[in-house]
J.: 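Have a look at this one.
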Amino acid sequence: MLGPLKRQIAASLAREIHDRFGVDHDPVVEIPPRRSLGDLALPAPLHLARVLKRRPREIAEELAAAWRPPGELVAELRVEGAGYLNLFLDRSRFAAALLDAPLLPGAQEESAGEAGKIVVEHTNINPNKAAHIGHLRNAILGDLLVRCLRALGRRVEVQNYIDDTGVQVADVVVGFCDLEPTSLADVKALPEPFDYTCWDLYARVGRWYEEDPARLELRRKTLHQLERGEGERAEMGRLVAQRIVARHLRTMARLGIGYDLLTHESHILALHFFAVAYEQLVARGALRLESEGKNAGCWVMPLEGTEEFAGLEDPDKVIVRSDGTITYVGKDIAYQLWKFGLLGKDFGYRYWMDQGVWVTDVEGAEDHPSFGGAREVVNVIDARQSYLQKIVRAGLAALGHDEAARRSVHFAYEMVSLSPATARQLGVASEDGKAQEMSGRKGIGVKADDLIDRLEEKAREEIAARNRELPRAELAELAREIAIAAVRFFMAKTGTTRVIAFDLDEALDFEGDSGPYLQYALVRSRAIERKVAAAGKGGTLDPRAAGALPRELWDDDLWDLVHAAAQIADTVDKAAATLELSLVARHALELAQRFNALYHHHPVLHEEDAGKRHVRRVAFAVFARALGALADLLGIPAPARM
RNA sequence: GCGCCCGUAGCUCAGCUGGAUAGAGCGUGAGCCUCCGGAGCUCAAGGUCACAGGUUCGAAUCCUGUCGGGCGCACCA
């Protein structure tokens with residue numbers, strides 16, 4: 001809502017500046033720090049001062065005298081501070097427009113397809129153990145991005161990559177085949193939670209290797225069978241991966257996170273995706289067979305000489321190992337090519353009925369949606385893999401796909417470690433007050449389902465403490481909604497470049513900047529409107545009537561709330577463009593804080609003056625729309641009561 | 001050695017492409033429920049924005065360097 005207005009104003013001022021001073025200047029439109037200074041600020045005179053060699057204030061005065069801002073929403077223009085041109089909006093008209101105007105472009109965007117499809121890959125948990133809170137950060141950020149892009153009108157396909165032929169699965173297979181021999185049928189019959197069972201087994205296998213490194217031979221043997229897809233170990237691998245993936249999907253579904261397609265590494269191998277990429281890479285001279293040195297017998301991608309890879313100790317990256325197997329990067333280059341529709345090969349697809357999701361297969365169904373063929377690809381992967389993602393891009397570029405390389409985005413975020421206190425609670429010795437890194441291999445970490453369970457339990461306690469008596473099913477549902485809000489907001493509120501030292505007590509806190517705080521503000525505002533309606537003082541808010549309300553009725557704090565609500569499209573746009581998704585969470589928090597700070601002073605039900613009541617209802621309605629929209633993006637449910 | 005990220009209140013973090021008086025939450029101290037829901041609100045205390053230079057009318061923000069801390073630079077992913 002504010003966005004188009006800002007653009008319109010900037011364009012108009014640019015024309016005025018051009019006509020008056022003969023200078024091309026693209027004016028910035030800012031939000032002043034205090035509303036008393038104005039609703040929009042144009043620092044153009046400050047920027048022009050240098051070029052024109054005049055005082056900013058003087059330029060501002062001249063422009064203010066001559067320029068007339070466009071549209072009906074600007075009520076006043078003033079010169080402020082060092083030379084700002086500040087605009088004041090018509091509060092009633094502006095607020096009235098926000099009662100029914102689309103807050104985000106998504107719904108109205110008819111031409112969504114024209115910008116092309118974006119493939120977003122996230123979650124990507126190795127299917128050999130339970131998901132932990134590190135994986136949660138990935139999935140929550142990925143899902144938030146997907147929701148933002150869709151709200152902005154983009155067409156998005158969500159993929160979750162399943163590495164079902166990697167070392168991690170191999171280790172659990174070794175656990176079931178060698179360390180603690182268990183038949184296929186018995187593994188199939190193991191009770192849930194199967195992912196918890198494997199979590200422990202995986203850690204035991206790690207220790208078992210350490211006792212006798214010769215046992216690593218079993219891993220190699222298993223890995224080979226997994227890659228070939230034949231033999232008892234491959235069968236075991238398929239079973240483990242399938243059962244674990246089912247658990248991961250369930251965990252994510254608890255949080256409202258879903259996928260369009262599960263891509264399996266085993267199918268990339270079985271369909272020889274890499275062979276196609278390999279031929280192209282060799283033909284282009286991007287791969288070289290080493291005959292001597294430490295990489296003898298390997299096909300490597302030379303990275304020397306490129307600016308991006310300057311200063312590397314080893315300027316070559318192994319793509320095909322000397323035993324003929326393919327490294328992760330090699331497979332990923334082929335996969336990335338497929339995502340862009342540049343491989344010239346496709347998967348088979350099968351609908352996994354039990355989970356309600358499409359999965360790749362070797363042959364698959366006749367009828368299936370079209371997957372891949374994206375214009376842009378976003379891979380949500382933690383920052384530690386930046387180097388590998390750079391190599392994938394370099395691979396695309398080496399094949400001449402510069403455009404695709406440019407449109408390959410690595411959405412990097414920092415990892416989640418454990419706070420000293422939480423590490424201690426898990427029985428892990430933290431080193432002199434420093435955060436403790438999680439380790440699937442060592443079985444150190446907070447499992448995602450454990451966290452959600454704890455949050456639901458805490459929510460039930462909080463509800464009980466408020467003496468709310470609810471039927472059992474409603475209680476469970478409400479606790480679930482509160483838990484989702486807590487965990488999703490917790491992961492979304494921190495900037496992506498920051499390592500999260502996960503602290504359980506902090507995550508379990510429902511006060512302050514938390515998901516439940518947002519929910520509560522939303523619930524309260526809706527309760528007010530409900531009670532007003534029940535008292536017969538409600539009725540549909542008419543934008544025309546609201547637009548004609550006298551200016552004096554708008555107290556500054558009410559107006560601030562509306563002003564902040566009007567910025568959500570700009571915030572979401574910026575969040576998606578910069579991949580700093582915490583902006584969405586922060587904005588939701590800001591709105592909730594503003595509302596909480598003022599609603600005491602602005603009663604609706606008990607207000608005698610009809611005009612005041614009307615203005616407050618308008619402001620609160622705009623607020624509820626905006627916070628509701630942000631909560632949707634954040635995946636935070638809005639309970640009717642709590 | 002090279003690369004990326006971080007350093008802002010006791011703690012956890014915001015601070016948008018340089019701009020107006022550096023802000024929240026937690027914690028601490030003091031208050032606020034005859035009044036639409038207290039998962040809330042108000043007030044107070046708390047800051048050499050790691051350090052040093054530089055650019056600029058103006059720097060927490062941009063540049064260079066230094067010092068701390070984290071993470072990468074595998075025939076693991």
Side-chain angles (χ1 to χ4, degrees), chain A residues 28 30-34 37 41 43 46-47 49-50 55-56 80-84 124 126 163 166-168 265 294-300 308-314 317-323 325-329 331-332 381-388 390 412 414-415 417 419 434-435 437 441 459 462-463 465-466 482 493-501 503 505-506 509-514 516-521 523-525 527-532 535 570-571 574 578 580 582-583 586 589-590 593 596-607 616 620 641-642:
Chain A
V28 178
E30 298 173 347
I31 308 295
R34 291 179 307 284
L37 290 169
L46 299 172
H47 299 153
R50 199 171 312 168
R55 292 167 200 238
E80 294 277 357
Y84 287 91
N124 300 5
N126 274 300
D163 181 3
V167 181
Q168 300 216 20
E265 181 162 285
K294 72 184 185 90
N295 291 334
C298 299
W299 286 88
V300 303
E308 248 193 331
F309 296 98
L312 283 183
E313 256 179 41
D314 183 351
K317 176 69 194 173
V318 172
I319 303 297
V320 183
R321 302 184 187 104
S322 54
D323 65 1
T325 56
I326 308 149
T327 61
Y328 159 80
V329 187
K331 286 176 274 199
D332 217 27
I381 311 177
D382 79 74
R384 287 175 296 190
Q385 297 200 39
S386 298
Y387 168 70
L388 292 168
K390 267 162 79 170
E414 286 291 339
M415 59 168 186
S417 60
S419 75
K434 286 181 186 167
E437 193 174 349
R441 189 164 295 284
E462 294 290 330
I463 295 163
R466 285 164 178 75
I482 292 171
K493 74 177 174 182
T494 306
T496 49
T497 57
R498 206 170 270 277
V499 174
I500 292 180
D503 187 81
D505 291 332
E506 192 192 334
D509 190 356
F510 293 169
E511 294 175 2
D513 44 9
S514 72
Y517 176 94
L518 297 186
Q519 287 178 308
Y520 202 78
V523 165
R524 181 188 286 124
S525 73
I528 292 171
E529 185 59 24
R530 199 168 52 233
K531 292 200 173 154
V532 169
D570 284 359
T571 300
K574 185 175 178 185
T578 61
E580 188 42 272
S582 62
L583 290 172
R586 293 265 154 211
L589 185 66
E590 187 202 325
Q593 283 173 335
N596 278 337
L598 64 74
Y599 79 95
H600 288 291
H601 314 303
H602 297 283
V604 180
L605 194 55
H606 303 289
E607 175 57 55
R616 289 167 188 174
F620 292 175
R641 294 152 201 268
M642 65 184 279

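So you know, we letter chains A, B, ... as the sequences are listed, proteins then strands, and number each from 1.
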J.: So what does A/Pro43 touch, heavy atoms closer than 4.0 Å: a base, only the sugar-phosphate, or nothing?
T.: nothing
J.: Could you give the distance from CD1 (A/Ile463) to CE (A/Met642), rounded to the nearest 0.5 Å?
T.: 7.5 Å
J.: Looking at the side chain of A/Leu583, which of B/rG15, B/rG25, B/rU12 is the nearest nucleotide?
T.: B/rG15
J.: B/rC6 P sits how many Å from A/Glu437 CD, rounded?
T.: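 Atom-to-atom, A/Glu437 to B/rC6, this comes out as 18 Å.
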J.: Nearest whole Å is fine: how far is B/rC71 P from A/Asp382 CG?
T.: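 The answer, rounded to whole Å, is 12 Å.
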J.: For the side chain of A/Asn596, starting at C-beta, report the closest nucleotide among B/rA20, B/rA39, B/rC41.
T.: B/rC41
J.: Name the nucleic acid region contacted by A/Ile482, choosing base, sugar-phosphate or nothing; use a 4.0 angstrom heavy-atom cut-off, strictly under.
T.: base
J.: Return the nucleotide paired to B/rA45: Watson-Crick means purine N1 to pyrimidine N3 with N6-O4 or O6-N4, wobble means G-U with N1-O2 and O6-N3, both under 3.5 Å.
T.: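 Partner of B/rA45: none found under 3.5 Å.
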J.: Using the side-chain heavy atoms of A/Glu414, tell me which of these nucleotides is nearest: B/rA39, B/rG40, B/rG70.
T.: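 For A/Glu414, the side-chain atoms sit closest to B/rG70.
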J.: Begin with the C-alpha distance, continue with both residues' side-chain angles, and end with the deciding distance and a verdict on side chain to side chain contact (heavy atoms under 4.5 Å, CB included) for A/Glu414 and A/Thr494.
T.: CA-CA 10 Å; A/Glu414 286 291 339; A/Thr494 306; over 6 Å; no
J.: Would you say A/Tyr520 reaches B/rA39's phosphate, i.e. side-chain N/O to OP1/OP2 under 4.0 Å?
T.: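 For A/Tyr520, the contact criterion (side-chain N or O under 4.0 Å from OP1 or OP2 of B/rA39) is met.
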J.: Tell me whether the side-chain N/O atoms of A/Asn295 come closer than 4.0 Å to OP1 or OP2 in B/rC75.
T.: yes
J.: Mind calculating the distance between CD (A/Gln519) and P (B/rG40) to the nearest angstrom?
T.: 13 Å
J.: Can you tell me, in whole Å, how much space there is between the P of B/rG23 and that of B/rG70?
T.: 32 Å
J.: Just to be sure I understand the rule, does A/Ala383 reach a base, reach only the sugar-phosphate, or reach nothing, if contact means heavy atoms closer than 4.0 Å?
T.: nothing
J.: Between B/rU17 and B/rG7, how far apart are the two P atoms, rounded to whole Å?
T.: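 One P to the other, the span is 14 Å.
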J.: Touch check for A/Gly297, heavy atoms < 4.0 angstrom, all strands: base, sugar-phosphate only, or nothing?
T.: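 The residue A/Gly297 makes no contact with any strand.
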J.: Would you kindly say whether A/Asp163 and A/Tyr328 are connected by a side-chain donor-acceptor distance under 3.5 Å?
T.: no
J.: Please give the distance between the P atoms of B/rU61 and B/rG1 as a whole number of Å.
T.: 26 Å
J.: For the pair made of NE2 in A/His47 and P in B/rC57, what is the distance, rounded to whole Å?
T.: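 After rounding, the gap between these two atoms is 14 Å.
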J.: Nearest whole angstrom, please: distance from the C1' of B/rA77 to the CD1 of A/Ile326.
T.: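 Checked: the CD1 to C1' distance equals 14 Å.
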J.: Grab the OH-P distance between A/Tyr387 and B/rA77 for me, whole Å please.
T.: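 Taking atom P of B/rA77 as the reference, OH of A/Tyr387 is at 13 Å.
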J.: Looking just at side-chain N and O atoms, do A/Thr496 and A/Glu580 make a donor-acceptor pair shorter than 3.5 Å?
T.: yes
J.: Base, sugar-phosphate alone, or nothing: which one does A/Ala501 contact when heavy atoms must sit under 4.0 Å apart?
T.: nothing
J.: Let's see if you can work this out: which of B/rU42, B/rC36, B/rA74 has an atom nearest to the side-chain heavy atoms of A/Ala597?
T.: B/rU42
J.: Between P on B/rU21 and CZ on A/Arg34, what's the gap in Å once rounded to a whole number?
T.: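 Going from A/Arg34 (CZ) to B/rU21 (P), I get 7 Å.
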J.: Between A/Glu590 and A/Arg586, does any NZ, NE, NH1 or NH2 come within less than 4.0 Å of an OD or OE carboxylate oxygen?
T.: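 Looking at A/Glu590 together with A/Arg586, the answer is no, because their closest N to O distance does not fall below 4.0 Å.
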J.: For B/rU21 and B/rA60, measure between their P atoms and round to the nearest Å.
T.: 12 Å
J.: Regarding A/Glu511, tell me which of base, sugar-phosphate or nothing describes its non-hydrogen contacts under 4.0 Å with the strands shown.
T.: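 Sugar-phosphate only.
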J.: Work out how far the P atom of B/rG72 is from that of B/rU28, and round it to whole angstrom.
T.: 37 Å
J.: For A/Ala296 and for A/Ile500, locate the closest nucleotide of RNA chain B by heavy-atom distance; then report the residue assigned to the nucleotide nearer the 5' terminus.
T.: A/Ile500
J.: Once you apply the 3.5 Å cut-off to both distances, tell me the Watson-Crick or G-U wobble partner of B/rC73, or none.
T.: B/rG1
J.: Any strand is fair game: report the nucleotide pairing with B/rC62 by Watson-Crick or G-U wobble, both distances under 3.5 Å, or none.
T.: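 Here B/rC62 is engaged in a pair, and the nucleotide opposite it is B/rG54.
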J.: Below the 4.0 Å mark, does B/rC41 have OP1 or OP2 next to a side-chain nitrogen or oxygen of A/Tyr517?
T.: yes
J.: Please determine whether a side-chain nitrogen or oxygen atom of A/Lys390 lies at a distance below 4.0 Å from atom OP1 or OP2 of B/rC4.
T.: no
J.: Could you check A/Arg524 against A/Val28 and say which one's nearest nucleotide on RNA chain B is further toward the 5' end?
T.: A/Val28
J.: How close or far is atom P of B/rG40 from atom CG of A/Leu589, stated in whole angstroms?
T.: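 Distance, rounded to whole Å: 11 Å.
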J.: Whom does B/rG10 pair with, Watson-Crick or G-U wobble, provided both distances fall under 3.5 Å?
T.: B/rC26
J.: Applying a 3.5 Å limit to both distances, which nucleotide forms a Watson-Crick or G-U wobble pair with B/rU17?
T.: none
J.: Applying a 4.0 Å non-hydrogen cut-off, can you work out what A/Glu529 is touching in the nucleic acid: base, sugar-phosphate, or nothing?
T.: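 Nothing: the residue A/Glu529, judged by heavy atoms under 4.0 Å, touches no strand.
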J.: Just checking A/Val523: base, sugar-phosphate only, or nothing, at a heavy-atom cut-off of under 4.0 Å?
T.: base
J.: Can a donor-acceptor pair be found, under 3.5 Å and without considering hydrogens, that links the side chain of A/Thr327 to the backbone of A/Ile319?
T.: yes
J.: So do the side chains of A/Tyr387 and A/Lys317 get within less than 4.5 Å of each other, counting heavy atoms only?
T.: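 Yes, close enough: below the 4.5 Å cut-off.
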J.: Just compare B/rC13, B/rC41, B/rG37 and give me whichever is closest to any side-chain atom of A/Lys531.
T.: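 Ranking B/rC13, B/rC41, B/rG37 by closest atom to the A/Lys531 side chain puts B/rG37 first.
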J.: Roughly how many Å apart are B/rG40 and B/rC26, using the C1' atom of each and rounding to a whole number?
T.: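 Per the computed distance, 16 Å lies between those C1' atoms.
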J.: Check whether any side-chain heavy atom of A/Pro603 lies under 4.5 Å from a side-chain heavy atom of A/Arg616, and answer yes or no.
T.: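 A/Pro603 reaches A/Arg616 side chain to side chain.
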J.: State the pairing partner of B/rU34; accept Watson-Crick or G-U wobble contacts with both distances under 3.5 Å, and report none otherwise.
T.: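 Matched B/rU34 with nothing under the 3.5 Å cut-off.
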J.: Give one of base, sugar-phosphate or nothing for A/Thr497, where a contact means two heavy atoms less than 4.0 Å apart.
T.: sugar-phosphate
J.: Pick the C1' atom in B/rG37 and in B/rA44, then give their distance to the nearest Å.
T.: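 Per the computed distance, 28 Å lies between those C1' atoms.
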J.: What is the nucleic acid contact for A/Leu388, judged by heavy atoms within less than 4.0 Å: base, sugar-phosphate only, or nothing?
T.: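 Base, at least one base atom sits under 4.0 Å.
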J.: When only distance counts, do a donor and an acceptor, one from the side chain of A/Ser386 and one from the base of B/rC4, lie under 3.5 Å apart?
T.: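 Donor-acceptor pair under 3.5 Å: no.
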J.: By nearest atom, which of the nucleotides B/rC75, B/rA77, B/rG37 is closest to the A/Arg641 side chain?
T.: B/rG37
J.: Within the structure provided, determine whether A/Val604 and A/Lys531 are in side-chain contact (heavy-atom separation under 4.5 Å).
T.: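 Counting from C-beta outward, A/Val604 and A/Lys531 never come under 4.5 Å.
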J.: Just checking A/Val318: base, sugar-phosphate only, or nothing, at a heavy-atom cut-off of under 4.0 Å?
T.: sugar-phosphate
J.: If you check every side-chain atom of A/Arg384, which of B/rG40, B/rC71, B/rA39 has the closest atom?
T.: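 Output: B/rC71.
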J.: Taking only side-chain nitrogens and oxygens of A/Arg498, does any of them come within less than 4.0 Å of OP1 or OP2 of B/rG7?
T.: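 Answer yes for this pair, as a side-chain N or O of A/Arg498 is under 4.0 Å from OP1 or OP2.
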J.: Please state the P separation for the pair B/rU64 and B/rU55 - nearest whole angstrom.
T.: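 Here B/rU64 and B/rU55 have their P atoms 15 Å from each other.
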J.: Just confirming the chi classification of B/rC33, syn or anti, using 90° around 0 as the syn window.
T.: syn
J.: Could you tell me whether the side chain of A/Ser514 reaches within less than 4.5 Å of the side chain of A/Asp509, counting heavy atoms only?
T.: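 Sidechains of A/Ser514 and A/Asp509: no contact.
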J.: Under 4.0 Å between a side-chain N/O of A/Arg530 and OP1 or OP2 of B/rC36, yes or no?
T.: no
J.: Does A/His602 reach a base, just sugar-phosphate, or nothing at all? Heavy atoms under 4.0 Å.
T.: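 A/His602: base contact, heavy atoms under 4.0 Å.
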J.: Between B/rC26, B/rC41, B/rA14, which nucleotide has the shortest distance from any of its atoms to the side chain of A/Asp509?
T.: B/rC26
